[in-house]
Amino acid sequence: MSLVVENVWKEYGDQTVLERLNFEVPTGEFCALVGPSGCGKTTFLRMLLAMEQPTRGKILLDGKPLPEEPGPDRGIVFQRYSVFPHLTVLENVMLGLEFERSPLVTRFFGAERRRAMGEARSCIASVGLEHAIEKYPAELSGGMQQRLAIAQTLVRRPKILLLDEPFGALDPGTKAQMHDLLLKLWQEEGMTVFMITHDLSEGFHLATRVLSFDKVRRDPQAPNAYGATIVYDLPLDDKEQRKPIIERWRHQLAERQSQFVRAGI
Amino acid sequence: MTRRLINRHPSAGSALILGALPFILLALAYVFFSATRLADNPDDKLLPAVSQMVDTAVRMATQPDQRSGNVLLWADTYASLKRLFLGLSVSTLVALVAGVAIGLVPYVRAWVAPVVGVISLVPPMAILPILFITFGLDELSKVMLIIIGITPFMIRDMAARVAEMPSELLIKAQTLGASTWQIVTRVIVPQILPRLFDSLRLQLGTAWLFLISAEAIAATEGLGYRIFLVRRYLAMDVILPYVAWITLLAFLMDFGLRKLNTTAFPWLTRRAG
Ligand SMILES: Nc1ncnc2c1ncn2[C@@H]1O[C@H](COP(=O)(O)OP(=O)(O)OP(=O)(O)O)[C@@H](O)[C@H]1O
Ligand SMILES: [Mg+2]
């Protein structure tokens with residue numbers, strides 16, 4: 001899904017958190033969001049989820065206004081509390097399928113159950129958790145829990161994947177593994193990804209575009225008067241993976257243009 | 001190197017002895033004072049000898065009463081437990097439904113939470129006469145007293161537990177496509193059930209209090225009724241075994257609920273290791 005952010009502001013009372021956000025993200029782009037702590041990166045993700053509404057401006061998904069509540073087109077991996085503690089690894093991943101296909105009892109039986117279990121198992125295997133399928137989240141390490149959170153999110157095949165410092169608590173080895181995994185899944189699924197990170201090298205390694213948030217205006221008397229905005233928007237054009245994304249985007253823009261022309265605008 | 005007091009732990013054996021000590025001391029004190037009083041006055045009723053209490057307890061538990069033909073201890077226990085279980089079941093069910101609704105649905109919270117808050121402050125014993133007047137002197141008013149006595153607190157407890165669940169989990173469920181009903185049945189209720197049983201456990205004492213109070217005032221059988229009936233004859237040999245029996249029943253319920261929580265919800269206790 002492509003995203004358009006038009007002059008978006010977010011204010012809490014008299015505190016301005018974000019201001020004058022203006023950018024477009026084509027389908028399939030991998031955006032890394034960086035910036036100092038407290039500058040509003042999580043707030044921006046929360047607006048994409050529709051947990052929060054912008055106080056000014058608008059956000060468009062594929063040209064339509066953002067839905068007013070969270071939905072299966074936008075998946076999220078939080079830094080904490082991302083998985084359900086009362087369900088095993090398998091049940092956590094199955095849950096998304098049950099929500100989708102069994103609206104009333106939210107459980108599968110018989111052949112349907114076997115099919116869903118197969119799907120969930122292959123999703124779990126893709127994050128390397130097949131040996132822990134019967135374990136509860138509390139029995140998993142931090143890295144395993146994040147892998148579970150990713151598998152659980154991906155089973156619904158979201159068009160947009162939001163990640164809030166997903167690997168902040170991991171050791172370098174596990175982190176590298178998770179990077180490979182994430183890049184592979186992103187390539188396979190063609191999702192648009194927004195990932196918050198405090199690790200610049202991680203951002204540049206994974207993303208096709210880095211968005212850097214910070215305050216440009218400061219009032220020492222009123223530190224809350226001005227919010228953060230995007231100070232650097234860095235497309236990483238030398239990356240191979242970005243070329244098809246841009247190619248497709250150009251194509252879409254050209255098509256939109258010709259529609260306007262045909263409509264006589 | 002001496003450790004701080006807070007870092008010194010008794011071994012399993014000494015913990016057992018320490019725990020048993022107060023019971024042994026209480027029993028010894030009772031036997032001693034009972035013996036001295038009985039030596040002064042063999043007809044003393046206040047602290048009957050242990051042997052006499054055992055005799056009375058055995059009689060109450062095995063021989064039918066001349067007047068009613070019932071074996072009193074069991075008839076009383078059955079009557080009391082029936083009221084208690086009825087009251088506790090209704091309270092638990094109402095607390096679950098109302099608590100989840102209040103904790104999860106903003107409209108229900110705005111509508112119901114204030115009235116529940118106020119009702120929970122009404123002292124239930126003060127409205128016991130009203131209950132007797134509206135529901136009559138038989139079973140219903142006693143069960144109602146238990147329900148009115150514990151339900152508002154359980155509702156508030158449940159609502160607070162639901163509301164304090166990390167909002168991330170609710171958002172997460174929605175991004176997986178869950179409806180409100182699916183969130184309730186698959187995310188909220190399974191996680192809140194152990195809290196419900198905990199809440200019930202904490203209310204057991206209160207429920208017993210209301211049961212015995214209601215039975216003391218108007219009943220024809222029941223554990224509380226019996227205690228208050230024989231009080232007129234200073235029959236401590238009946239009262240003390242009954243109190244011990246009630247305590248045992250309360251302990252077993254508490255123990256059962258605790259066991260239920262650890263066996264029915266393995267995710268609560270399992271940890272990485
Ligand atoms: N619900 C809220 N009410 C009031 N202020 C809020 C609320 N949520 C966030 N804020 C404020 O918005 C600012 C940005 O918070 P946010 O969590 O988005 O920062 P962040 O960039 O994600 O920081 P970090 O890198 O530390 O996670 C903070 O100053 C915070 O106090
Ligand atoms: Mg944050």
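Per chain, numbering begins at 1; letters A, B, ... match sequence-line order. Note that these values count all heavy atoms, side chains included, but never hydrogens, waters or copies made by symmetry. Just so you know, these numbers come straight off a predicted model, no measurement behind them.
The heavy-atom pair separating A:Pro70 from B:Gln174 by the smallest distance is CD-OE1, 3.3 Å.
Of residues 80-89 of chain A, those residues lying under 4.5 Å from chain B by any heavy-atom pair are A:Arg80, A:Tyr81, A:Ser82, A:Val83, A:Phe84, A:Pro85, A:His86, A:Leu87. Of all residues in residues 24-34 of chain A, none places a non-hydrogen atom less than 4.5 angstrom from a non-hydrogen atom of chain B.
With a 4.5 Å cut-off on non-hydrogen atoms, A:Ile76 touches chain B through its backbone and its side chain both. Only the side chain of A:Arg156 comes within contact range of chain B, with heavy atoms under 4.5 Å apart. Interface remark: A:Leu95 contributes side-chain atoms only to the contact with chain B (heavy atom separation under 4.5 Å).
Atom CG of residue A:Leu162 and atom CD1 of residue B:Ile171 lie 11.5 Å apart, to the nearest 0.5 angstrom.
Shown here is A:Glu68, whose CD atom has no more than 12 heavy atoms of other residues, nucleotides or ligands within 6.0 Å.
Residues B:Gln182 and A:Glu98 form no side-chain contact, since every pair of their non-hydrogen atoms from C-beta on lies 4.5 Å or further apart. Residues A:Gln79 and B:Glu168 have side chains not in contact (no heavy-atom distance under 4.5 Å, counting atoms from C-beta outward).
Highest contact tally toward chain B, considering only A:Val155, A:Val105, A:Leu104, is held by A:Leu104 [criterion: heavy-atom pairs under 4.5 Å].
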Take B:Thr175 and A:Arg74, measure what side chain to side chain contact (heavy atoms under 4.5 Å, CB included) needs, and give me the verdict at the end.
CA-CA 6 Å; B:Thr175 62; A:Arg74 287 152 293 149; 5.6 Å; no
